[in-house]
Amino acid sequence: MALEETPAAGRPAPHSPVEDKAEVLARVVAAIDAGDMDSGRDVLRSDYPFAPVAKSGRSYTDRQSLRLFYRDGFLDRYSGTRLVHPGALRLLSVLIPEDFPAHPNWLMSETHFAFWELFPTIDHLVPVARGGVDDDSNWVCTSMLRNSAKAHWTVEELGWSLHPPGKHTDWDGLTGWFVRHMQQHPELRAHAYLARWFRASVDVRRQLI
């Protein structure tokens, strides 16, 4: 997050959306203190209106997700951090469970933090609840952690910036390793989660590489 300029004479920096909104509430409070509740309401309605946010549960197929991850080069578009293929993360937890644990219900005390920091997800750049479309023109790759933090906010409201996509030829999220290891150890395909991501990875790699 970029540092804001220091406001002059106690006034908020004009480009700071968080401080600007706090100033709106300061004006509302000033109107209330002056005994003018109606003016306070008018300020709130015009400069900081209530906008209800609807919950919207969405799910995507493994292949849809992988195509997006490949498009963005397994890069977190909000932080620039390299991310890791979901199957590769889970495979590591199967191979070295004591040092890289993964709880089936995401219990934080029993799951390595890499599953939040490095697990790629699809996020809507402009939240659907705020008018964004639900297609790949509005999808970006980000970590589970950043996805959760962003929620229904825009990048402008959070003070984040959008990083350019990476290239899967430079970083494939350890997909190549995951596929090779699964091919060399077919017994691992008895693990439903690994088998699912293996099949999706083989298909998507065949289409893209």
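By convention here, the first residue in the shown sequence is residue 1. As the structure is a prediction and not an experimental result, all values here were calculated from the model.
- Between Trp197 and Tyr193, the ring planes lie tilted relative to each other; the angle falls in the 30° to 60° range.
- For the pair Trp177 and Leu92, the minimum side-chain heavy-atom distance is below 4.5 Å.
- Heavy atoms of other residues, nucleotides or ligands lying less than 6.0 angstrom from CH2 of Trp106 number more than 12.
- Of the possible donor and acceptor atoms, one in the side chain of Asp72 sits under 3.5 Å from a partner among the backbone N and O of Cys141.
- Contact of the Trp139 side chain with the Leu125 side chain is not registered, since no non-hydrogen atoms from C-beta on lie closer than 4.5 Å.
- Nearest approach of Phe100 to Leu89, heavy atoms of both residues: CE2-O, 3.4 Å.
- Residues Thr175 and Phe69 have side chains not in contact (no heavy-atom distance under 4.5 Å, counting atoms from C-beta outward).
- Considering all non-hydrogen atoms of both residues, Leu188 and Met182 come closest at CB-SD, 3.8 Å.
- For the pair Asn138 (side chain) and Gly132 (backbone), a donor-acceptor distance under 3.5 Å is absent.
- Rounded to the nearest 0.5 angstrom, Trp160 CH2 and Thr142 OG1 are separated by 6.5 Å.
- Once rounded to the nearest 0.5 Å, the distance linking NE2 of His168 with CG of Leu208 reads 6.0 Å.
- Put simply, the side chain of Asp136 does not reach to within 4.5 Å of the side chain of Gln64, judged on heavy atoms.
- No single ILVMFWY cluster, assembled from side-chain heavy atoms under 4.5 Å apart, contains both Leu68 and Val126.
- Between Asp62 and Ala200, the closest heavy-atom pair is CB-CB, 3.7 Å.
- Inter-residue side-chain proximity for Arg27 and Asp47 is flagged as met; some heavy-atom pair is nearer than 4.5 Å.
- The side chain to side chain contact (heavy atoms under 4.5 Å, CB included) with Asp76 is formed by just one residue from the set Leu83, Thr121, Asp123; it is Leu83.
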Mind listing the side-chain donor-acceptor pairs of residues 108-115 below 3.5 Å, one per line with the distance, residues two or more places apart or on another chain?
unit_1: Thr111; atom_1: OG1; unit_2: His103; atom_2: N; d: 3.0
unit_1: Thr111; atom_1: OG1; unit_2: Leu107; atom_2: O; d: 2.9
unit_1: His112; atom_1: ND1; unit_2: Ala114; atom_2: N; d: 3.0

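- From Arg67, atom CZ reaches atom CD1 of Ile122 across 9.5 Å, with rounding to the nearest 0.5 Å.
- The heavy-atom pair separating Phe74 from Asp172 by the smallest distance is CE1-O, 3.3 Å.
- Looking only at side-chain heavy atoms (C-beta outward), Phe119 and Leu145 stay at 4.5 Å or farther from each other.
- Atom-to-atom distance recorded for Tyr78:OH and Ser143:OG is 10.0 Å, nearest 0.5 angstrom.
- With a 4.5 Å cut-off on side-chain heavy atoms, Pro120 and His85 do not count as touching.
- With a 4.5 Å cut-off on side-chain heavy atoms, Val179 and Arg205 count as touching.
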(request) Please assess Arg130 against Glu157 for the test salt bridge (Lys or Arg N to Asp or Glu O under 4.0 Å), listing each intermediate value before the final yes or no. (result) CA-CA 12 Å; Arg130 307 283 292 278; Glu157 288 167 336; 2.7 Å; yes

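- Cluster membership check: Leu118 does not share its hydrophobic cluster with Leu75, using side-chain heavy-atom separations under 4.5 Å among Ile, Leu, Val, Met, Phe, Trp and Tyr.
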TODO: Take Arg199 and Arg63 through the test side chain to side chain contact (heavy atoms under 4.5 Å, CB included) and record every step on the way to the result.
DONE: CA-CA 9 Å; Arg199 290 191 298 270; Arg63 287 162 179 78; 4.0 Å; yes

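- Criterion: ILVMFWY side-chain heavy atoms under 4.5 Å apart, direct or through other members. Under it, Trp153 and Val133 are not part of a common hydrophobic cluster.
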Give the intermediate values and the outcome of side chain to side chain contact (heavy atoms under 4.5 Å, CB included) for residues Leu91 and Leu174.
CA-CA 11 Å; Leu91 178 54; Leu174 299 178; over 6 Å; no

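- The hydrophobic cluster containing Phe178 also contains Leu95, counting ILVMFWY residues as joined when their side-chain heavy atoms lie under 4.5 angstrom apart, directly or transitively.
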Self-check item: Criterion side chain to side chain contact (heavy atoms under 4.5 Å, CB included) on Arg189 and Leu194, from CA distance to verdict
Solution: CA-CA 6 Å; Arg189 296 178 214 172; Leu194 295 181; over 6 Å; no

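- Heavy-atom minimum distance, Ala151 versus Pro127: O-CG, 4.4 Å.
- Taken to the nearest 0.5 Å, the NZ atom of Lys150 stands 11.5 Å off from the CZ atom of Arg146.
- Minimum heavy-atom separation, Ser79 to Thr81: OG-OG1, 2.9 Å.
- Between the Arg77 side chain and the His163 main chain, a donor and an acceptor come within less than 3.5 Å of each other.
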message = Set out, in order, the CA-CA distance, both residues' side-chain angles and the distance that settles side chain to side chain donor-acceptor pair (under 3.5 Å) for Arg90 and Ser93, then state yes or no.
response = CA-CA 5 Å; Arg90 192 68 181 90; Ser93 75; 2.3 Å; yes

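- One distance of note links NZ of Lys167 with CZ of Arg71; it measures 15.5 Å at 0.5 Å rounding.
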